[in-house]
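Below is one structure, written out as structure tokens; comments come after it.
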Amino acid sequence: MPDAAFRPFETALDEAAVLGVLRDALAGADDGELFLERRRSESLVLDDGRIRNASYDAAEGFGLRAVRGETVGYAHSTEISEAALRRAAATARLAVGDGGGVMAEPPRATNVRLYTDADPMTDAAFGVKIDTLREIDAFARALDPRVVQVTASMAASIQEVEILRPEGGLVRDVRPMTRLNVSVIVEQNGRRESGSAGGGGRFGLASLLPRAHWEDVAREALRIALVNLEAVAAPAGQIDVALGSGWPGILLHEAVGHGLEGDFNRKGTSAFAGLIGQQVAAKGVTVLDDGTIPDRRGSITVDDEGTPSEKTVLIEDGVLVGYMQDRQNARLMGVPATGNGRRESHAHLPMPRMTNTYMLAGTATRDEILAEVKDGIWAVGFGGGQVDITNGKFVFSCTEAYRVQNGKIGAPVKGATLIGDGPAAMKRIRAVGNDMALDPGMGTCGKNGQWVPVGVGQPTLLIGGLTVGGSAA
């Protein structure tokens, strides 16, 4: 039977009394709120024909924040009670000191709903989920005799939040999330390679369980593994790189997106700090952060401060026009908040974070872009990477890439690593494709030890003169 909705002011707290505690804690502050949360999640992993993990987790708690200038007081607890709130209020209050602040205007209200509030874990019985994973395993093995290992997983969660502000506003959001993934390992002549595929979003598991869906996911995982089985050593040196559409937008997210978050720019630590109104990318390049796309993994109806999500233009026709902002950094910079104040849970402070970050389409076709590559690679899949926010320098490993010579796609390459810096790479974009696509719903972003779900996207791009690390002579 589904759990009752999370309603702390009906089951555990007196709203009027809590509002009084919050107002006392924030007297003389610039901003603050009480963030209450319940999160439930389920994860199932079938590895090599056996259930490796079947877990269910539930947690709840609150965080109370007081903001005065650049100083933040924060206290949190897993005990939702008036006594715990009073203790937290006394701690958070220390940041306010003697006060003197002027409380910021509350976030505007919204009645937009970007996703269902139904519990995605109730879409199918536990036995059906296990049977589906076993069917995926059998199907993937039957596709090709070279398959030696299959890992199939599914996960579902629901996060329920209530945000109480000192003026009395109460904002509620219920955030579902689901995901299904398949990974395979193939072997041929003693060589093993892997491939994986999957995705999800803010909807029920019912969208991921139909056979037609997971068969396509399994086939894609196998396709990538077989491509890698034939891969040769990647070239090395400074060469042209064509990036595929969709998931390769993760490079845009890391190498450029983080540098456009408000806190780094307010503090002057971003490579893009102080460049509003200046050309920071090639003409024709427009980049947005958009948390308003229905059902997407990175979308949020309201952020974790209660501000409605927005579609924010960051770079327009190559010119830097804005940053992503939470309430504190927006106030200190004298600009509006953009609905990007996000936190991992009630135990974490909100800060400027991306939602769905992507580049708009251009006019070139993929074939036209590849025809311009005389000697380079076409990178369509990425794994892990590292970025230095202060200068935008990045290192990314390719999970699927191909050699391109004289406009012709050649053999797949293995071990390709893209090395560069975001600002320079953005200015070296020579062509923007007409095939913009979002990723299938697989991104999770880390910042200051906090992890939140995100989306990325882009069209096919041609970047001139990126450094590629490889092992070919």
Side-chain angles (χ1 to χ4, degrees), residues 183 185-186 191-197 221 223-259 271 281 357 359 366 369-370 372-405 408-431 433 439 442-447 454 456-473:
S183 298
I185 296 177
V186 295
R191 176 176 174 176
R192 287 194 171 198
E193 297 291 347
S194 62
S196 61
R223 183 195 67 78
I224 296 171
L226 295 178
V227 164
N228 288 327
L229 201 58
E230 304 299 324
V232 298
Q238 195 171 56
I239 59 178
D240 291 347
V241 175
L243 300 176
S245 63
W247 176 243
I250 188 64
L251 191 149
L252 175 73
H253 167 103
E254 293 287 1
V256 178
H258 277 298
T357 309
M359 184 184 298
R366 190 197 75 174
I369 290 175
L370 291 174
E372 291 189 36
V373 181
K374 302 308 178 186
D375 185 18
I377 65 169
W378 179 38
V380 298
F382 284 92
Q386 294 181 334
V387 180
D388 185 337
I389 301 301
T390 61
N391 54 30
K393 293 187 181 298
F394 61 80
V395 179
F396 273 91
S397 60
C398 300
T399 56
E400 182 183 1
Y402 301 84
R403 188 72 183 265
V404 181
Q405 292 177 302
K408 302 295 183 183
I409 301 174
V413 296
K414 180 178 176 61
T417 301
L418 302 189
I419 304 168
D421 72 82
M426 293 292 282
K427 292 181 178 179
R428 291 176 183 166
I429 294 175
R430 300 210 311 255
D439 76 283
M442 51 200 279
T444 301
C445 173
K447 177 180 175 181
V454 296
V456 301
Q458 68 174 40
T460 299
L461 299 177
L462 177 59
I463 304 178
L466 274 185
T467 299
V468 176
S471 56

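By the neighbour-count criterion of 12 heavy atoms within 6.0 Å, atom NZ of Lys447 is densely surrounded, having more than that number from other residues, nucleotides or ligands.
For the atom pair CG (Leu252) and CD (Gln458), the distance works out to 6.5 Å, reported to the nearest 0.5 Å. Atom CZ of Arg403 is separated from atom CD1 of Ile377 by 9.0 Å, given to the nearest 0.5 angstrom. Atoms NE2 and CG, on His253 and Asp439 in that order, are 10.5 Å from each other to the nearest 0.5 Å. Note that the CG atom of Leu461 and the CE atom of Met426 stand 8.5 Å from one another [nearest 0.5 Å]. Atom CG of residue Asp421 and atom CZ of residue Arg428 lie 7.0 Å apart, to the nearest 0.5 angstrom. Rounded to the nearest 0.5 Å, atoms CZ (Phe396) and CD (Glu254) are 4.5 Å apart.
Within the 4.5 Å cutoff, side-chain heavy atoms of Met359 are placed close to those of Ile429.
Across every non-hydrogen atom of Pro235 and Val413, the tightest pair is CD-CG1, 4.1 Å. The two residues Cys445 and Val454 have their closest heavy-atom pair at CB-CG1, 3.7 Å. When all heavy atoms of Val468 and Ala416 are compared, the pair lying nearest together is CG1-CB, 4.3 Å. A pairwise comparison of heavy atoms in Ile239 and Asp375 identifies CB-O, 3.7 Å as the closest pair. When all heavy atoms of Leu370 and Ile409 are compared, the closest pair comes out as CD1-CD1, 3.6 Å. The minimum heavy-atom distance linking Ala379 with Pro248 is given by the pair O-CG, 4.1 Å.
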Query - Steps toward side-chain contact (heavy atoms from CB on, under 4.5 Å) verdict (Arg191, Leu229) - result: CA-CA 7 Å; Arg191 176 176 174 176; Leu229 201 58; 4.2 Å; yes
Query - Test log, rule side-chain contact (heavy atoms from CB on, under 4.5 Å), inputs Leu226 and Val186 - result: CA-CA 7 Å; Leu226 295 178; Val186 295; 4.1 Å; yes
Query - From CA spacing to verdict: side-chain contact (heavy atoms from CB on, under 4.5 Å), Leu418, Cys398 - result: CA-CA 8 Å; Leu418 302 189; Cys398 300; 4.0 Å; yes
Query raised in the report: Run the side-chain contact (heavy atoms from CB on, under 4.5 Å) check on Arg430 and Ile369 step by step: do they pass?
Result: CA-CA 9 Å; Arg430 300 210 311 255; Ile369 290 175; over 6 Å; no
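For Phe382, there are no ring-ring contact (aromatic ring centres under 6.0 Å, His included) partners two or more places apart in sequence or in a different chain. A search for ring-ring contact (aromatic ring centres under 6.0 Å, His included) contacts involving Trp247 returns nothing, not counting sequence neighbours. Residues meeting the side-chain hydrogen bond (donor to acceptor under 3.5 Å, both in side chains) test with Arg223, sequence neighbours left out: Glu220, Glu400.
The backbone N or O of Gly465 sits less than 3.5 Å from a side-chain atom of Asp240, completing a donor-acceptor pair.
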